[in-house]
Amino acid sequence: MAVTAHALTPGCGYLDAAAGILLASAAAELPDLSRHLVLVSSLPLAAELRTALARAAGRPLLLPQFNTLRRWALAANLPDLPTPMPESERLVLLHSALAARGWFDESALWGIAAELASLSDELSAAAVRLPDDADELTLQLERAYVLRASEPLNFEARVVHEMWRALAAAGRPDAPSAYRLRLAQLAQPAEQPAHPLFVLLDGPAEERLTPAELEFIERYGQTQPVLVCAPQPRASADTPLAAVLAAAWPEQAGTEPSAPLMTRAAELAAALPESPLAGRLQLVPVSGREAEAEAAAAQVFAWLAEGIRRIALVAEDRLSARRVRALLERAGVLAADETGWKLSTTRAAATLDALLETVAGSAYHLDLLDLFKSPHLFADLPSSARAAAVLALEQAIRRAGVKSGVPAFRRALAEQGERIDAASQATASLMLDRLEVAQRILGGKPAPLAKWIARLQRGLDALGAAEQLQADAAGGEMLELLLQRQGELAESTASFSFAAWRDWLNRELEGGAFRDRGIASSIVMLPRHDVRLRRFEAAIVIGADAEQLTPASGGTFFNQAVRRDLGLPTREDAERALRRDLELLLCTVPRVLVTWQHQQAGEARLLAPEFDLLSTLHQLAWGDDLMRSPLLMTREAAPAVDSMPALPQQAVPSAPQALVPARISVSGLSSLVACPYQFFARHVLRLNELDEVAEELEKSDYGQLVHRSLERFHAAHPSLTGLDDAAALAALNATVESVFAEAEADNWLALGWRLRWQARLPAYLAWQREREAAGWRWLAAEVKVAKSLPLPDGAAVELYGRIDRIDQAGPAGFSLLDYKTRKLSDLKKQMADDIQLPAYALLHGEAAEAAYVALDDEKVGAVACADDLVEAGAAQGERLTAAFAALRAGAGMPAHGVDSVCRWCEASGLCRRDHVQPG
Amino acid sequence: MSSPASQNFSAALDPARSAVVEACAGSGKTWLLASRIVRLLLAGVQPAEILAITFTRKAAREIEERVVDWLRELATAADDAAIHFLAERGAASDAATLARARGLYERVTSAQPGLAVNTFHGWFLQLVAVAPLSANLAGTTLADDGSRRFEELWQSFARRLQREPAGEAAQAFVRLLAGIGLASTKTLVRRGMARRAEWLAHAMAHAGRHEAPVAAVVDELADLFGVVDEAQALASLFAPGWELDFQAYLGLLEASELDSDQAFAAQLSAAIGQLDPEARLQKLAPVLLTEKGTLRSRKPSKTLDKRFGSDGAQRFLDLHAALGARVLDCLGQLQEARNLAFNRDALTVHHAFLQHLEAFKAERRQIDFVDAEWRVLQLLQDEASAAFIQARLDARYRHVLLDEFQDTNPLQWQILLAWLEAYTDAARPSVFLVGDPKQSIYRFRRAEPRLFATAADFLARHFAAVRLTQDQTRRNAPAIVEVVNALFADEAAFQPFRTQSSLAEGLPGRVELLPLFAADEEAEEAPLSEKLRDPLHKPALERVEQRRQREAEALARRLGDMFGRTRIRERQGRSEIERPLRYGDVLLLVRTRTQIATYEQALAAAGIPFTAASRGGLLDSLEVRDVVALLTFLVTPAADLQLAHALKSPIFACSDEDLLQLAARPEAGWHKRLQAAVEQGCSARLCRAAALVEAWIEAAALLPAHDLLDRIYHQGEVPARYRLAVPEARRAAALANLEALLLLALDLDGGRYPSLPRFIDELKALRAAEGDDAPDEGELAADEVVAADGRVRILTIHGAKGLEAPLVWLLDANATPPADKAWDVLVDWQPEAPAPCHFSFVGRKEERGASRSPLFEAEAAAAEREELNLLYVAVTRARQLFFASGISNSRKGEAVTAYSRLQAALGRLGGEDACAHGEVLSEGKVAAAGAAGSRPLAADLPVPAVGELREPLDAAARFGILLHALLERRTESRIERREEEGWWRGMGYTDGELARVRPVAERLLTAPALRRFLNPACYLRAWNEMEITDETGAVCRMDRLVEDVEAFWVLDYKSSGSDTARIDEYHAQVAGYCRAVATIFSSKPVRGALIFADASIVEVAT
Ligand code: SF4
């Protein structure tokens, strides 16, 4: 018996050739191949080989068993072998070992543990044993780094060595070692039913197989027939295409090629008058992500129109690939996804994270609403009731402005009273109850990971989320992953805080892939190395710039020199693998389009060197650099006529009489004067912004608190007579402090505002004394006033408002005061256009004076309105009635605000101002 | 681009030598740097031995691209061209060199590690990354210093202080709030944070690894300020016996008959009687000082002599002056004392905030650029770790090239020094440094132009570097260079300046200064109408900035005139052609972005295509707000305004009448109204909207933001509709913005945990964020309409660095330079010093005190110099035409501005009133070249539907699959399979499902009728899941194939009962399998059977 190796020409005939070899070798047994074991590099290749066999045999066959070497070895029943330590358990072990040494920040440990685990795997896979003595490793590093031992070097050696020992001390093999042991046993087929072996590789055996696998094949071949088929490397293949690739990519990267590029190109051109790459490969530079996606999608459409169906989308750039998929879907072209998405990018994971974030942030309002709006929650409630309750809760939170905490939300809900219906209120508070249960469950003390998983499951149950998550494809996989980890870690006792556990979970969700198996299609999105030898009719490599289409880099530990010294794979190996992938891709797939963003955000991005070399070579040999401009997407269809948009004009709507309001506030009047369209939006359509929960006290809140403190102070002290300066200041200070107390408790920065106001208090009191000296007495605050103004058509409009403060001097002298937390000089500038004070005067009817009190200067001062208050008020009244009469008669309300008004106008989306053609 | 003519550059390119090159704008710095890299490679240097550092990623990529392009050219060009190329760069051109040169392309493109052109930041991160264990940075992510992170820090900092209100930091914080207010405190903290690298260096140098660096630094400040506290300052004035002179002065005042003096006397006497020194000073100061704080003027005069006698008068004046000086001195000291106290508080808070920042980052495993810089410095300054890092890198740098060195900051220089220090003498690298101190415009990023000289000296001393200057530009026309020379030759603050010359001989050029735009006198005062304005018919009159409006209109008019008419010259290969000006040839420069909108409006109104220079405004643009309003409504159905907004957007194109119809409806909430309106009849627009909205609400719950947006764009025909609904001038921008939003959704947080509410919260936060955090507008695609003529670009001078254009127009050139900021940090870091020697906080300008005035003066000088540099950069962007315009200053007392400098320079060149210099460029229309070749369109054929959604399996099918799997495991015959605990879970099945399947499997396995198929004792061979190919080549899979003495049996398990409706189908299937098996095994009959869940067996007729 022996191992027979066949090197086959890579290309679309590869599988047929392999099938022929297999049939020939088993000629005696045909058509029963059931004894044979066929091991392929990847399962999709098995499916293709099956059909190739059928084709080659031309008659019914009992097919051999197909598998990959790894799957086959791992599934084989070898009861004496120890089971390997699961990855999750190993990480916990490393984490604990690292934590015990206190070398690193707690929050870094999972990351370092993962790095160490993968280094350990690499060492095992390459069958490298570190020296038993730590000092020896140090010496080895010294040699490889060409550096004398020093603290950092010792430290690196020590970390690696101690953790290596820690793993060894666990007494259980890691996955690569276990695999090696299994292979060793399987290589003695005496104990197993005998199977002739047929191995189909997608690359040279030394590159594709680990030392242990190679050894397995060798040993197996001693007792059983073994056939190994591998593609010929480009250097030795005798097709024109391989010759071109060999000329472009000399096998040994980094070494000087035998002849200059020009000479090689000339030789090629002499030997091959027609380029074997022409028509096979196109390089397409694009100018941005969307352009890249469009170029790829347009090419797919063009191919489909030609009748090409089996298309590979190689996703070097995941984001662009996702855009391609979306563009294809728009046209009803679905792509099956073999790459998969990280679990963390699924909606189901978002629900999980919202729950944890809500717990971690003590139910911060945004997190809570995010959680409650998840489609997975409260599956046991009717969905309409659920939606109504969440809406009610959101409105309550916004109105009350509460930031976080379930009790606060409950209070906010209760305060709503009549404004929301009882059923929704009840449901919402039930939801809050259940959240509290979940919070309690997840707020527990440090615990082992398996227990944390159990807590999470109970938390999800409490929120009625388990069922919906299970029903969701990605959610199901996520729960499955957690169950699996729970099983693996059942014995693990190391305890973790909430933060460390969440960290762990994030890493799991980041590492776990979700493959959407819901689509069957001949268009497949897949990673580069999975294309190898599969018979696609066309392929697009998306994102082939030098940054993304690049060999994988080694881990955090050591540099290339040390890795080489230790016998670990280096970047050169990765580079060779990359070129091999591309070689097989170009050989097997007859049409390959390569896209890359040649610039991104204004920065140039180079094409990956592999393609750049090909392009240059091709240019030299055949005068064509293979660069092509991207295909254009066809223009989208025109929208339906009956809902077709037009270029916006200045909006001038008019309202039916019934919708013209019967009452208008003073601020409504200001809005009407500033911009009638804004008035239309606010008071005719009655559209207002929802309340927002503010993080910090804002300037407008400050104004309100200032007002409130003055209102309270003067209610208690209408006059300062009888209070000396110190007493007045003390009383006012006390009032201010009590008024601000709540805001300060809510956010300490409110203290800044309070201090700002308190700094003004002596000035305010001085001003108040001046007023009293001038004979004015505080009379009332926050006075509501209203007045009905008759309209020509017999109807009336009511103007109303609220006056901050009214002072009185003598029986007939009233003064209307409005506090402003602004500077006097700023107020003065705006007096010419002032509407508020004359309107108050009109409403009050008997005022002798109306003034703003400026509260933001060193000194407090007032600025009074117009000389003739009565006349000014009357003028405002006339303007109001004239405007209302016109509105009731159907006058338009033009959107003609000025910049300073528009800047803060919430209706700018309605009037479309920014899109109205200027000039 | 051809080489610099001057041959003294062979020294700069000599790979064996270190060199420092000071090269003026347009002289080809990039050419030089890239050429040196080529020369190094030619000399046999490995790509990985070269470390090139420049300032921006853009520049780095450009150099990299340039080198690769050149090497490709060298590898492919004809011999004479390649030899010419080498000769231009001073390299030998013998056969061996040529052969080597031709091989470089391949050597560099496949080198591992390859040639790396990096930024300082990128390089530091790389260094940190190789020492992650010792730097304790494993697993960290890079955070930027954005305003959002600061907000988060600021809030959590406040919470932290609140928890310990009696703590030192909280107390200092409260004092700051009371003293300077919330906003200024926040500004201080933020600016302090921005300068934390300098603070760390300063604290380390001045307090060592001290636990309380603040105290040490404050002690030093106390020395500088010359005070301890206010009490001490007062005590110096009111030292024992202080009152004697004041009493004397009082005596004289009292002797005066003037009322004012009497009043002073009364006040002084009251002051002397005051016990509290501070109150005393308060009262005393006005006697001697004016309100502005200057000495009251008292001059010798006849009246004075008469009043006091001539001796008395002199004594009075002397006393007045002396006492005034004493009071002023005391006030000065008081100011210093207050500044010291302020600094103590500010530094305490600053330090506490930085500690908070550290904790914040540690918790999140973040590092930022400052950390990277700072840690790299520390790592490199430690001998052992520096050596380790050098050994640990895969690359061994033997040649260091530094580009744009004038933008380097002192910390970076210290890092470079430490890096060079770490080499053993034998392995010393060559260093090549190029830059232009005249173009240093990054003071706000702490760039220190004086470093250029320091570094040059250092390199001359330790690396025997040659020093070269290059003052010839190949970019600017002679006329432009003449103006540059006239501008700067005599500018004291711009020295040393060497006269520049132009290599672009014969290139016509022109510099022109437009007259300043002034306000219209009459329009200034709008006529006051008697009646109030009728708001329904007359818009309010905004006091717009008319001057700028005029400037903008003049700009648009002028560009419109020149477009397609003025002829400019362009290099094409090695020759030059003349062609009319296009919009793409125009670069508009502004000093700051604040006024850009006015110019943009004017250009838009004139129909001139431009690239918006605004940044960070994506989320403010109307089209994006439209989409965000829609999304907001989808997650918050109560958002009526957002629904109405979306309805009026082109997505739905509803009218105001449509909205009125909804407003009139009785239902609560607009969503319900919309639904009701559809039922009762409404416009096609509303119907369409309602249908789409319902579908999207459903999708919004399930889809990630990007997928949802894509669906909305597609189903809502969004791009097509915006194409119709946005005016031409804004159309391309609108479409680009919509696209940018889609990509933002794809990108945000790496697409992690994608829920729509979170996305919207994120957008809200991003929109509120200032500066770099807010997403930028979408980049305009080169659409067909404007591709040929390009777009006018509007950029800040900073943004235009490294660019050039045939026509450059400096806008708002008469703006006064920005004033000093209050509430800032003052740092003095001398270029050659290892650390700053001063770090303090500064309050209002008038309260700065005298002790730091040398520092302030130095700052002011640096600021002035930078203004000149900005002007230099602006002018030198222009190849042929440079225009400047501005508006007249309303304030009198003309400040020196770019405009006034240009005016003076033109005056020097052409006499008093000259407002232009150079040639008038020729004009003439030329038929426009044909439109650029249009790109091929994807076939317009209908696209076939490809792919299908797999229906999820129903319960029965799942039951069947699991049953098969279980039976297969229990009857394995080919290769034993390990019974893994929980294997069914791996297949996606629950324990419950297995529990339901298991009894059925048991029933089958124990059923006597099935024994013959399932018990190995009863048959010869058996296979599970046996695959065969049939005559047609199709592959089919049998559940079980059994061979016993008399026959082959094809068995199929069915999870149903035998009464299933599909029984015929099952029979046919098994019969087919039997036929195929029969062709394979002809020795025995082939029989088929169906096995049902109840263990019944039905033989299939074959
Ligand atoms: S944005 Fe301006 S024009 Fe539009 S409604 Fe508001 S104020 Fe009026």
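In what follows, chains are A, B, ... by sequence order, proteins preceding strands, each numbered from 1.
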Choice from B/A663, B/P113, B/A701, B/A653 maximising heavy atom contacts with chain A below 4.5 Å = B/A701
Would you mind checking which part of B/H537 comes under 4.5 Å of any heavy atom in chain A, side chain (CB onward), backbone (N, CA, C, O), both or neither?
-> backbone
Under 4.5 Å, counting heavy-atom pairs only, tell me which of B/R685, B/H645, B/Q162 racks up the most with chain A.
-> B/Q162
Is it the side chain or the backbone of B/A387 that comes within 4.5 Å of chain A heavy atoms, both, or neither?
-> both
side-chain hydrogen bond (donor to acceptor under 3.5 Å, both in side chains) assessment of A/E572 paired with B/Q112 | CA-CA 7 Å; A/E572 271 155 34; B/Q112 277 301 350; over 6 Å; no
Do A/K373 side-chain atoms and B/P757 backbone N/O form a donor-acceptor pair below 3.5 Å?
-> no
Bottom line for A/L755: the part with an atom under 4.5 Å from chain B's heavy atoms is side chain
Below 4.5 Å from any heavy atom of chain A, which atoms of B/T636 appear? Answer side chain, backbone, both or neither.
-> both
If you measure from the Lys or Arg side-chain nitrogens to the Asp or Glu carboxylate oxygens, is any gap between A/R912 and B/D626 under 4.0 Å?
-> yes
Pairing of A/D914 and B/R730 as salt bridge, 4.0 angstrom limit | no
What part of B/D761 gets closer than 4.5 Å to chain A, counting heavy atoms only: side chain, backbone, both or neither?
-> side chain
Is there side-chain contact between B/T1029 and A/R50, with at least one heavy-atom pair below 4.5 Å?
-> no
What part of B/I1080 is in contact with chain A, defined as an atom under 4.5 angstrom from a non-hydrogen atom: side chain, backbone, both or neither?
-> both
Using a cut-off of under 4.5 Å on heavy-atom pairs, state which of B/D710, B/L182, B/L724 scores highest against chain A.
-> B/D710
Which residues satisfy the side chain to side chain contact (heavy atoms under 4.5 Å, CB included) test with A/E689, sequence neighbours excluded?
-> A/E906, B/L641, B/Q642
Should the pair B/R752-A/D353 be classified as a salt bridge under the 4.0 Å nitrogen-to-oxygen rule?
-> no
When B/L1041, B/I389, B/L742, B/I651 are compared by non-hydrogen pairs under 4.5 Å with chain A, the top option | B/L742
For A/A354, is it the side chain, the backbone, both or neither that has a heavy atom under 4.5 Å from a heavy atom of chain B?
-> both
Part of B/R102 lying under 4.5 Å from any heavy atom of chain A = side chain
Below 4.5 Å from any heavy atom of chain B, which atoms of A/V901 appear? Answer side chain, backbone, both or neither.
-> neither
Under 4.5 Å to a heavy atom of chain A? For B/V1035 that would be side chain
Bottom line for A/Q876: the part with an atom under 4.5 Å from chain B's heavy atoms is both
salt_bridge(A/E603, B/R61) N-O dist < 4.0 Å | no
Proximity breakdown for B/E65 and chain A, heavy-atom pairs closer than 4.5 Å = both
Could you tell me whether the side chain of B/I1028 reaches within less than 4.5 Å of the side chain of A/P60, counting heavy atoms only?
-> no
